[in-house]
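Below: one structure, written as structure tokens.
Every value quoted in this text rests on a predicted model; they were computed, and no experiment measured them. Just so we're on the same page: letters track the sequence lines, and every chain starts at 1. Note that these values count all heavy atoms, side chains included, but never hydrogens, waters or copies made by symmetry.
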Amino acid sequence: MESSRGPSKGQIVRALIETADLEEVVSDNPFRSRAFRAAARTIDAWSGDFARAVESGELTSIQGIGKGIADFVTEMWTTGASARHEELRELVPPGVRRMLDVPGLGPKKVRTLWRELKIESIDALKEACSEGRVAKLKGFGKKTAENILAGIGYLESVGGRYLLPEAEAVASQICEYLRSGPPIEKLEVAGSLRRRRETVRDLDVLAVTSDPQALSDHFIHFTEVETVIAQGDTKTSVRLVNGMAVDLRIVKRSQFPFALVYFTGSKEHNVRLRSRAKDRGLKLNEYGLFPEGSARSKRCADEKAIYRALDLDWIPPELREDLGEIEAAEQGAVPRLLEAREIQGIVHAHTTWSDGKATLEDLARAVKAAGYSYLGISDHSQSAFYAGGLDPDRVRAQHEEIDRLSEELEGFRIFKGIESDIRADGSLDYSDDVLESFDFVIASLHSHFHLPEEEQTARVLRALESPYTTILGHATTRLLLRREGVELDLDRVLVRAAELGVAIEINANPYRLDIDWRYGPRARELGVYTSINPDAHSLPEIGYVRFGVDMARKAGWPPDRVINTYDAAGFEAFCKRRRGA
DNA sequence: GCCGTTTTCGGCCCGACTGTTTTCAGTCG
């Protein structure tokens, strides 16, 4: 079939990232690779009309996109490929690029292995290490070869990322253990966990203690520690038996706020802060903020003071991704972020009526006991036979139970909802008269994941058009660390959702966290509503809503656009307004 | 590769730690 459109923005972003990796291997100038990687990030996060920007030649007006990368993008857009990108792919075998993922191997060593020993795959690398060929290379040695083998083993065993709740659990275990040792004055987990990223690669723990040596020794004797990667005066790195890397940094009390900013990151955010410090004749590092030529840091009692010294408002950790937060802080426009206590109702929960583990009554009582004032039940619809989806008769029967239960539970509302499959053609899963009987409808994709983007987008847009659709559930169906989401033009979905007043769910299941927080700025700009939903299939899973709040914060989603922060009457009004009632 | 009202060339954040070296390059975050 002939395609009238060129590659999507996503494909171009992926090509830029791959080019960055490949340039890293072939080029002596690390800044070239960095420029490609930064451009990929910028374009990915850029919310304007991409097609128009490319076609009008306005790309270079975006900070970080110069002539070279604009040409790269334009060439891909018009011809479907970039000559430089293709050339690099010819030049560098895919196995060589994969070698960059081995911990301890960077571009220089990879290039040496490739050029000197003609190693072009992880397997060949393993063999060369075992046979002693790697140790003989100049600049390498026996220890280096051993480390490479260990790094490959790590890569093959776990792949290296963990879901947010897993990382959080390990972190609190470590903190509890550390507190059982030498006296600790301050202890904080920084890094991507503090930024509440949806997945975490390693943990950064920051401590102030009067006896650094003793704390470091105590740390490496934690039962879960498998290997000690490094142990120095201020930094101790270990790998746990589950594969997770943990860094413990020990600093002086006066250095703590600086270290907290530094180790919270992100790296890109830090680079911006440091360059900003430099512009002001200052040097920022993890130990302080130093006037040029001075060894004495300015005093900053906390993070706020550091940001203030750089003429910025304080930026919550969740926003520190260099996606516009620094500009916002410059203009006093850092958004107010949602707080977990603002959530008033639990929406999107499954019961034993379909594939949930808890009965409707147990669920309702648990939600009430947790302090919420309403529950929106949403079992599966009839097409979801694999999950015990409800046919119209069972829908009526469930509604009778809800009515009965509602009378018993004073001061608590139960809304009648359904998680309706979006059928292949984009229609909802019941006739209008059945749909009419619900207070709200969550429309979700549960099948036909492999449609081409254009068709999938049309399908979802059609589901949005139904006046019965209140919320679009887990928009992309991605499962973190397991499965990619469907091909979907989310920008078009957001635009239409904003026009129609359909909420886009933030599914708070830790595997989903879908819609991705990176769409937050665009959603904010369009005024899209969301609902932060646990998609609970058991009582404990009600607690997932917390991770959804984390994502709403990262997204900078305005609290007044989160419909389950409304009271029951407000939530009901939103649902009715959508239906035109 | 990108950027610039001190610059169109020469910068591009900064430090800890390791391993292979006799003073430093590479990697990492």
Task: Under 4.0 angstrom between A:Thr144 side-chain N/O and B:dT20 OP1 or OP2 - done: yes
TODO: Only counting residues at least two apart or in another chain, list the ones meeting side-chain hydrogen bond (donor to acceptor under 3.5 Å, both in side chains) with A:Arg133.
DONE: A:Glu131
Might you list the N or O atoms of the protein lying below 3.5 Å from N or O atoms in nucleotides 4-10 of chain B, with each pair's distance?
none

Open item on the list: Enumerate the ring-ring contact (aromatic ring centres under 6.0 Å, His included) contacts for residues 183-219 of chain A, please, sequence neighbours excluded, ordered by first and then second residue.
Closed with: A:Tyr177-A:His218
Open item on the list: So, using side-chain hydrogen bond (donor to acceptor under 3.5 Å, both in side chains) as the criterion, who are the partners of A:Arg553 when residues are at least two apart?
Closed with: A:Glu318
Open item on the list: Tell me which residues in residues 85-121 of chain A lie within less than 4.0 Å of DNA chain B, going by non-hydrogen atoms.
Closed with: A:Val102, A:Pro103, A:Gly104, A:Leu105, A:Gly106, A:Pro107, A:Lys108, A:Lys109
Task: Test side chain to side chain contact (heavy atoms under 4.5 Å, CB included) applied to A:Ala40 - qualifying residues, sequence neighbours left out - done: A:Val13, A:Leu16, A:Ile17
Open item on the list: For B:dC17 and A:Thr234 - does any side-chain N or O of the residue sit under 4.0 Å from the phosphate oxygens OP1/OP2?
Closed with: yes
Open item on the list: Could you work out, with side chain to side chain contact (heavy atoms under 4.5 Å, CB included) as the rule, every residue matching A:Pro107, not counting sequence neighbours?
Closed with: A:Glu24, A:Leu100
Task: B:dC13 and B:dC3, which share atom name C1', separated by this distance in whole Å - done: 16 Å
Open item on the list: B:dC13, OP1 or OP2 - any side-chain N/O from A:Arg274 closer than 4.0 Å?
Closed with: no
Task: Contacting residues from residues 278-290 of chain A, given that a heavy atom lies under 4.0 angstrom of DNA chain B - done: A:Lys278, A:Lys283, A:Leu284, A:Asn285, A:Glu286, A:Tyr287
Open item on the list: Side-chain N or O of A:Arg34 versus OP1/OP2 of B:dC13: is the shortest distance under 4.0 Å?
Closed with: yes
TODO: Name all pairs fulfilling the side-chain hydrogen bond (donor to acceptor under 3.5 Å, both in side chains) condition that reach into residues 50-60 of chain A, sequence neighbours left out, sorted by first residue then second.
DONE: A:Glu55-A:Trp77, A:Ser56-A:Glu58
TODO: Could I get the full list of side-chain hydrogen bond (donor to acceptor under 3.5 Å, both in side chains) partners for A:Glu325, not counting sequence neighbours?
DONE: A:His269
Task: Partners passing side-chain hydrogen bond (donor to acceptor under 3.5 Å, both in side chains) against A:Trp557 (at least two apart in sequence or in another chain) - done: none
TODO: Return the value, rounded to whole Å, for the distance between atom CD1 of A:Ile17 and atom C1' of B:dG1.
DONE: 15 Å
Open item on the list: Near DNA chain B, counting only heavy atoms under 4.0 Å, which residues of residues 296-313 of chain A show up?
Closed with: none
